[in-house]
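The chains referred to below are lettered A, B, ... by the order of the sequence lines, with proteins before strands, and numbering in each begins at 1. Computed over heavy atoms, backbone and side chain alike; hydrogens, waters and symmetry mates excluded.
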Amino acid sequence: MTTATDPRLNAKIPEGAIADKWNNYKEDMKLVNPNNKRKFKIIVIGTGLAGASAAATLAELGYQVDAFTFHDSPRRAHSIAAQGGINAAKNYRGDGDSVHRLFYDTIKGGDFRAREGNVHRLAEVSVDIIDQMVAQGVPFAREYGGLLDNRSFGGSQVSRTFYARGQTGQQLLLGAYQQLARQVGLGGVNLYNRTELVDTVVVDGRCAGIVVRDLLTGELQSHAAHAVVLATGGYGNVFFLSTNAMQCNVTAAWRAHRKGAMFANPCYTQIHPTCIPQSDPTQSKLTLMSESLRNDGRVWVPLNPGDARPAAQIPESERDYVLERLYPSYGNLAPRDIASRAAKRAVDSGRGVGPLKNGVNLDFAAAIERLGKDVVQERYGNLFEMYERISGENPYDTPMRIYPATHYTMGGLWVDYELQTTVPGLYAAGEANFSDHGANRLGASALMQGLADGYFVLPYTIGNELAPLLNKPIPGTDHPAFKLAEQEARDRYSRYLGTNGKRSPDWFHRELGKIIWDNCGMERTQAGLTQALADLPPLYEEFQSDLRVTGDGASINQTLEKAGRVDDFFQLGMLMCRDALERNESCGGHFRTEYQDEEGEAKRDDENFAHVAAWEWNGDPMAAIRNVEPLEFETVHLATRSYK
Amino acid sequence: MTASHGEHLTNLTLSVWRQKGPDAAGAFESYRIDSISDEASFLEMLDVLNEKLIDEGRDAVTFDHDCREGICGSCSLMIDGQAHGPQRGTATCQLHMRKFKSGANIVIEPWRATSFPIIKDLMVDRSAFDRIIESGGYITSQTGGAPDANLIPVPKPVADAAMDAAECIGCGACVAACPNGAANLFTAAKVAHLNLLPQGQAERHARAESMVETMDEYFGSCTNHGECEAACPKEISIDVIALMNKDYRKAKLANRKEIARS
């Protein structure tokens with residue numbers, strides 16, 4: 001195992017003590033004069049929290065910004081579905097929170113597999129995010145005195161989570177969307193809706209622009225720019241069933257990977273403990289119930305396998321409050337990976353609840369007795385309603401049934417401290433990059449990271465990159481590299497339409513998802529991963545020869561869009577399994593059953609795996625090259641994660 | 001995959017509006033669903049239909065959808081003549097087949113509103129909503145200049161009322177349900193959200209005037225039918241329209257330069 005630093009994987013962490021690095025960076029960085037900013041064109045792909053906030057802020061600064069979304073409106077981006085909240089080290093509770101503590105919790109929560117410098121900056125700017133969003137009118141929850149309210153989330157012992165009922169992501173996204181809409185109205189941003197990235201273009205080692213497909217007409221179009229930001233979310237839909245929205249996909253990141261952007265830690269995927277269990281084979285997606293429910297809900301299963309009595313008839317003495325028993329100091333607020341595995345083991349031991357015995361109880365009876373139904377309704381009313389609409393059961397009367405589901409992907413495009421990928425001029429922000437959450441993300445930290453990247457990091461770091469390029473020409477869309485990328489994309493979509501096989505894209509997606517979930521899901525083994533790597537290539541070949549896409553390529557065709565996305569998911573799926581197989585340790589969301597202690601907790605191998613695996617495209621995902629960025633811990637001490 | 005534990009509905013007939021493009025003539029086509037679990041969502045039932053159509057070599061039905069959790073506002077559909085179907089306070093994606101009966105004939109149409117032109121089949125163009133927001137549905141606050149969040153106390157009842165309005169998902173059911181195709185509930189929800197908050201006061205009148213007048217460029221006029229509130233998946237109250245109308249009247253006076261200076 002080599003751990004020599006690859007020069008391409010230089011994270012460019014600024015000098016100084018951990019708390020000074022970001023300030024040192026800002027003091028040293030190069031600036032672009034306000035009158036010169038308009039000479040630079042920046043492309044932003046995706047309009048979720050990271051993309052919308054980046055596009056709006058860059059336009060405010062004076063850059064020419066082109067923003068692209070495959071949705072009909074920027075407001076539909078999947079950030080909107082985040083429920084529980086956003087972390088910030090405001091210490092408004094006076095309960096001992098600080099920037100350092102948020103930094104430490106995030107490093108520890110990520111099982112010591114994230115880069116210190118990036119994470120500390122995230123904790124620093126978290127406080128600015130709350131100020132910014134309140135100024136924009138985000139209606140965060142308030143106390144009667146008018147000040148902001150907080151709640152607790154998993155993996156922390158302070159209350160630092162700001163929230164807007166169970167719709168925090170919605171309200172934050174609408175805030176960022178409105179700021180973006182203002183710039184669209186003012187002419188600072190050209191917005192392209194229903195337009196999907198199909199390739200990135202690299203000329204002389206620099207990102208020169210993108211090729212997009214107009215989803216309404218099928219037309220391919222090139223756009224050149226000085227810098228391109230991918231804020232295109234995660235790849236959780238590789239599992240087919242996940243809590244991601246139906247259209248979430250890896251295509252933008254994957255196409256960038258194929259053009260030279262290394263893909264880091266693809267095996268770090270997060271399984272969220274509180275989702276509604278699958279109820280039906282036609283199910284298209286899983287629905288998350290906010291982790292905030294674990295503030296007041298108690299997780300339990302019957303003590304005895306096969307106990308089929310309704311919850312109310314099972315006496316206290318015959319209940320196993322799994323998390324409270326195993327992790328007394330964190331209890332029901334243990335981090336997501338740990339809570340998920342505890343639920344899986346309870347179900348695997350035959351103690352699952354519900355008609356299919358595929359869930360665990362999340363019981364609010366004690367909270368209702370302690371706080372009253374009104375308070376519980378105030379806190380979680382909309383979540384309870386959502387649960388009832390989906391399951392047909394009323395959680396005020398009977399416990400919710402929950403089970404883990406894929407929710408978030410910590411892996412993503414490798415980026416340095418400036419959020420630049422291994423392709424100069426190409427940036428990745430939000431869930432699309434890999435940088436801040438290590439092997440496991442803490443609750444309420446995704447919103448924080450998306451907005452940190454878009455509002456408070458990229459607007460600085462992109463300027464530093466662009467300043468030396470002032471008045472230097474960049475390749476135009478008539479450059480042969482653009483024409484070639486357009487032709488390749490045209491051929492690709494023609495191929496999907498012309499295969500004339502028998503199976504729909506969804507059929508292949510479902511089969512792919514089954515292999516990935518069974519072998520690269522909550523628990524992974526060498527045998528399972530080896531099997532998956534044997535099964536995936538033939539299935540992918542079948543996809544290429546037996547795909548059926550009906551309709552045409554010159555008007556909106558959702559079947560054709562799906563085919564392109566499934567194609568890229570296949571390739572990513574292979575890389576994920578390879579990454580999981582090579583990482584011979586357990587850490588955070590990556591749990592290899594071979595590497596656990598006597599109590600079944602994840603066993604890291606810091607000697608051999610305290611590094612980022614950054615995969616390099618080599619023509620075939622099965623042949624991708626594994627490069628390594630060693631992680632250096634100067635501030636925190638590597639320790640076994642304990643939440644007991 | 002697990003087996004279903006719910007009941008199955010059988011012999012459903014779907015009458016679905018098919019239209020190849022914005023300028024093409026459309027027509028209803030009839031499809032059979034032999035059996036579907038009552039645990040399936042309405043859109044999963046359409047997924048099943050689309051898989052069947054692709055198997056038969058036919059074009060899948062085009063419809064907007066994404067989060068399937070009732071929050072992104074992508075899904076639409078008039079189901080048996082009702083925006084988002086029969087369940088109150090529920091977007092189409094959260095509607096489940098247990099609300100239907102075996103043997104039913106279900107009529108599925110796109111949003112009915114000239115301001116939302118049909119793109120294909122059940123998909124419509126709602127971008128006029130974005131134009132309304134772009135005209136003033138924001139608080140001007142450039143990144144980086146905000147004061148500490150707790151310097152702006154917001155009384156809890158005010159924050160709650162703003163949040164009630166801010167829950168709008170921008171789906172367009174209000175417009176589709178309105179006999180006049182008016183967008184007053186959508187527009188007023190945003191005006192109320194921002195105009196109720198202390199942070200929104202500086203632009204209160206400019207916002208009301210600009211958003212109302214942009215709305216009037218694209219949409220019909222409100223005549224207080226109240227169908228919008230009944231169709232709204234977030235059950236936003238038409239009280240917000242009263243607030244918007246009040247602010248608009250005041251704005252027409254307040255926005256005159258001589259008065260703003262006094």
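Neither the backbone nor the side chain of B:Met45 comes within contact range of chain A; no heavy atoms are under 4.5 Å apart. Using a 4.5 Å cut-off between heavy atoms, B:Arg58 contacts chain A through its backbone alone, with no side-chain atom that close. Interface residue B:Lys190: only side-chain heavy atoms are found under 4.5 Å from chain A. Proximity to chain A (any heavy atom under 4.5 Å) is restricted, for B:Glu56, to the backbone atoms N, CA, C and O. For a residue to count as touching a neighbouring chain, one of its non-hydrogen atoms must lie under 4.5 Å from one of that chain's; by this rule B:Gln87 touches chain A with the side chain only. With a 4.5 Å cut-off on non-hydrogen atoms, A:Ile130 touches chain B through its backbone and its side chain both.
Counting non-hydrogen atoms of neighbouring residues, nucleotides and ligands closer than 6.0 angstrom, the CD atom of A:Glu378 reaches no more than 12 such neighbours. Within a 6.0 Å radius of NZ in A:Lys26, other residues, nucleotides and ligands contribute more than 12 heavy atoms.
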- Query: Would A:Lys562 and B:Glu51 satisfy salt bridge (charged side-chain N to carboxylate O under 4.0 Å, His left out), going step by step from the backbone distance to the final call?
  - Reply: CA-CA 13 Å; A:Lys562 186 68 192 273; B:Glu51 283 287 284; over 6 Å; no

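Judged by distance alone, with hydrogens and angles left aside, the side-chain atoms of A:Gln178 form no donor-acceptor pair with the main-chain N or O of B:Ile139 at under 3.5 Å.
Considering only heavy-atom pairs separated by less than 4.5 Å from chain B, the leading option among A:Trp507, A:Tyr177, A:Phe456, A:Phe140 is A:Tyr177. In terms of heavy-atom pairs under 4.5 Å with chain B, the best-connected choice from A:Tyr144, A:Trp517, A:Phe162 is A:Tyr144. Among B:Leu196, B:Ile152, B:Asn50, the residue making the largest number of heavy-atom pairs under 4.5 Å with chain A is B:Ile152. Between chain A and the options B:Ile71, B:Asp130, B:Asn150, B:Leu95, the largest number of non-hydrogen pairs under 4.5 Å is found for B:Asn150. For the set A:Ile390, A:Asn500, A:Asp506, the count of heavy-atom pairs under 4.5 angstrom toward chain B peaks at A:Ile390. If you tally non-hydrogen atom pairs under 4.5 Å between each of A:Asp552, A:Asn557, A:Ile556, A:Leu174 and chain B, the highest count goes to A:Ile556. In terms of heavy-atom pairs under 4.5 Å with chain B, the best-connected choice from A:Ser53, A:Gly145, A:Gly551 is A:Gly551. Top candidate by heavy-atom pairs under 4.5 Å with chain B, chosen from A:Pro139, A:Ala56, A:Gly185, is A:Pro139.
A side-chain donor from one of B:Asp66 and A:His71 sits under 3.5 Å from a side-chain acceptor of the other. Side-chain atoms of A:Ser284 and B:Arg68 form a donor-acceptor pair, as typed in the model, at a separation below 3.5 Å. Judged purely by distance below 3.5 Å, without hydrogens or angles, the side chains of A:Arg182 and B:Thr140 pair a donor atom with an acceptor atom. At a cut-off of 3.5 Å, with distance as the only test, no side-chain donor of B:Gln142 or A:Thr57 sits close to an acceptor on the other residue. At a cut-off of 3.5 Å, with distance as the only test, no side-chain donor of B:Gln199 or A:Gln136 sits close to an acceptor on the other residue.
Using a 4.0 Å cut-off between charged side-chain N and carboxylate O, A:Lys90 and B:Asp148 make a salt bridge. Checked for salt-bridge contact, B:Glu69 and A:Lys285 meet the test: a charged N lies under 4.0 Å from a carboxylate O. Looking at A:Arg194 and B:Asp64, a side-chain N of the basic residue comes within less than 4.0 Å of a carboxylate O on the acidic one, giving a salt bridge.
When all heavy atoms of B:Pro147 and A:Asp131 are compared, the pair lying nearest together is O-CB, 3.4 Å. Residue B:Pro153 comes nearest to A:Leu147 through the heavy atom pair CB-CD2, 4.2 Å, listed as atom of the first residue, atom of the second, then distance.
With contacts defined as side-chain heavy-atom distances shorter than 4.5 Å, the pair A:Arg165/B:Asp164 qualifies. Looking only at side-chain heavy atoms (C-beta outward), B:Glu39 and A:Gln283 stay at 4.5 Å or farther from each other. A:Asp72 has its side chain out of reach of B:Asp125: every pair of non-hydrogen atoms, C-beta onward, lies at least 4.5 Å apart.
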